[in-house]
Amino acid sequence: MEIDTQRVIELVKSVRPLFMDHERASRITVKGAADFVTQVDFQVQERMRSGLFDMYPQVQFMGEEKDNRDIDFSGAVWILDPVDGTTNLIHDFRCSALSLALCDRGQLELGIIYQPYRDELFLAQRGRGAFLNGSPIHVSSVSDLGQSLISIGTSPYNHDLADRNFEDIKRVFLKCSDIRRTGSAAVDLAYVACGRLEAYFERCLKPWDFAAGMLLIEEAGGRVTTFAGSAVDVTRPSDILSSNGRIGILLENELLPL
């Protein structure tokens, strides 16, 4: 389906003042272990939902802060994380992002990640490349894991995975140049797409965490798979291993015992 990307981008960028609203960010609801939602999350999601519905009323809407049991992926679906990195938002860590993807009949067609603190908008359309604020981006050309900067996620909602996660993180740390932890899967994926990172991996991500970033990386020349190296199903939760496509084999076959 045809999308007016400029109108969608304008809607996305309109949420920037909400991310800067410290009073709304301080209104917190606890959803679970290390899992929080703020009034910023709710208000960003509602602005995006209503704005997208006004433009494309025929497209379904999947959002992190709603019941998504009625979503039918045989049609077109917006996939939104209104604030990826809510814990960062609460602490004014200034590393959170909006992540929006369009999935049509199970295939990603559009991905947008917006980091409002740096006013960086990452955009990918299937078959048309990936861009940062209008300029083309590509994954890094580094092929040596020892020279690679790797970002990791700790699956903070799944403490039962802590031993496995930190064993993997240590194993990778001892082989790479260094590791990073931003606290936002969307930001990490965008940074792989533009070459700031060589790879990022994390278990138990939801579609709204990785959908937009997955298309960004693929359009920028990189690779996104499960830990086992298989294709990612964007309609369901997944472990995510993303890379520039040059070190991914090392991560899968030598370093991650999966």
Side-chain angles (χ1 to χ4, degrees), residues 1-19 31 37-86 89 96-116 120-132 184-190 193 205-220 224 231-238 240 242:
M1 62 181 296
E2 286 299 318
I3 295 293
D4 185 339
T5 56
Q6 192 53 47
R7 287 187 69 196
V8 176
I9 287 170
E10 289 170 3
L11 175 63
V12 167
K13 297 191 80 168
S14 76
V15 308
R16 190 182 189 197
L18 293 173
F19 277 78
K31 296 194 292 184
V37 62
T38 73
Q39 285 302 307
V40 175
D41 298 70
F42 288 126
Q43 293 198 14
V44 170
Q45 177 161 299
E46 179 53 27
R47 179 175 295 186
M48 292 299 300
R49 186 204 63 78
S50 61
L52 291 169
F53 181 79
D54 287 345
M55 286 187 272
Y56 304 101
Q58 75 279 21
V59 180
Q60 303 167 83
F61 180 82
M62 169 186 268
E64 180 178 9
E65 310 306 337
K66 67 179 282 288
D67 186 337
N68 296 298
R69 285 176 290 184
D70 61 342
I71 297 296
D72 178 6
F73 277 100
S74 66
V77 183
W78 294 110
I79 304 174
L80 175 76
D81 192 339
V83 179
D84 188 72
T86 297
L89 179 78
S96 306
L98 179 152
S99 179
L100 177 69
L102 176 65
C103 184
D104 193 5
R105 289 166 290 183
Q107 178 170 270
L108 292 169
E109 298 294 342
L110 173 70
I112 296 173
I113 292 174
Y114 181 50
Q115 213 281 31
E120 290 188 328
L121 189 134
F122 298 83
L123 168 72
Q125 292 177 272
R126 179 164 296 280
R128 301 183 188 180
F131 302 85
L132 167 54
S184 169
V187 170
D188 287 327
L189 292 164
L205 293 180
K206 299 291 182 20
W208 48 77
D209 295 317
F210 66 79
M214 178 174 165
L215 185 61
L216 271 166
I217 290 172
E218 291 175 347
E219 287 295 318
V224 181
V232 174
D233 181 352
V234 74
T235 71
R236 57 194 304 168
S238 179
I240 293 293
S242 64

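Counting heavy atoms from C-beta outward, M214 and S242 have side chains that stay 4.5 Å or more apart. At least one side-chain heavy atom of N68 sits under 4.5 Å from a side-chain heavy atom of W208. Taking 4.5 Å as the limit, every side-chain heavy atom of L216 sits out of range of all side-chain heavy atoms of L189. In this structure the side chain of F61 reaches within 4.5 angstrom of the side chain of K66, judged on heavy atoms. In this structure, F42 and Q39 have side chains that are in contact, with non-hydrogen atoms separated by less than 4.5 Å. No side-chain heavy atom of M55 sits under 4.5 Å from any side-chain heavy atom of D4. Using a 4.5 Å heavy-atom threshold, the side chains of F19 and V44 count as touching.
Annotation: the span from Q107 atom CD to R126 atom CZ amounts to 4.0 Å, rounded to 0.5 Å. In this structure, the separation between CG on D81 and CZ on F210 is 12.0 Å, given to the nearest 0.5 Å. The distance from the CG atom of L102 to the CD1 atom of I112 is 9.5 Å, given to the nearest 0.5 Å.
D84 places a side-chain N or O within 3.5 Å of a backbone atom of A186 that can act as its donor or acceptor partner. Side-chain atoms of Q125 never come within 3.5 Å of backbone atoms of E109 as a donor-acceptor pair (strictly under, hydrogens ignored). A donor-acceptor pair under 3.5 Å is formed between the side chain of D41 and the backbone N or O of T38.
The two residues P237 and P207 come nearest to each other via the heavy atoms N-CD, 4.0 Å. Closest non-hydrogen pair, L215 versus G111, comes out as CD2-N, 3.6 Å.
A side-chain contact (heavy atoms from CB on, under 4.5 Å) with P82 holds for exactly one of R49, Q43, E65, E46; it is E65.
For R7 and E10, the salt-bridge test fails: no basic side-chain N is under 4.0 Å from an acidic carboxylate O.
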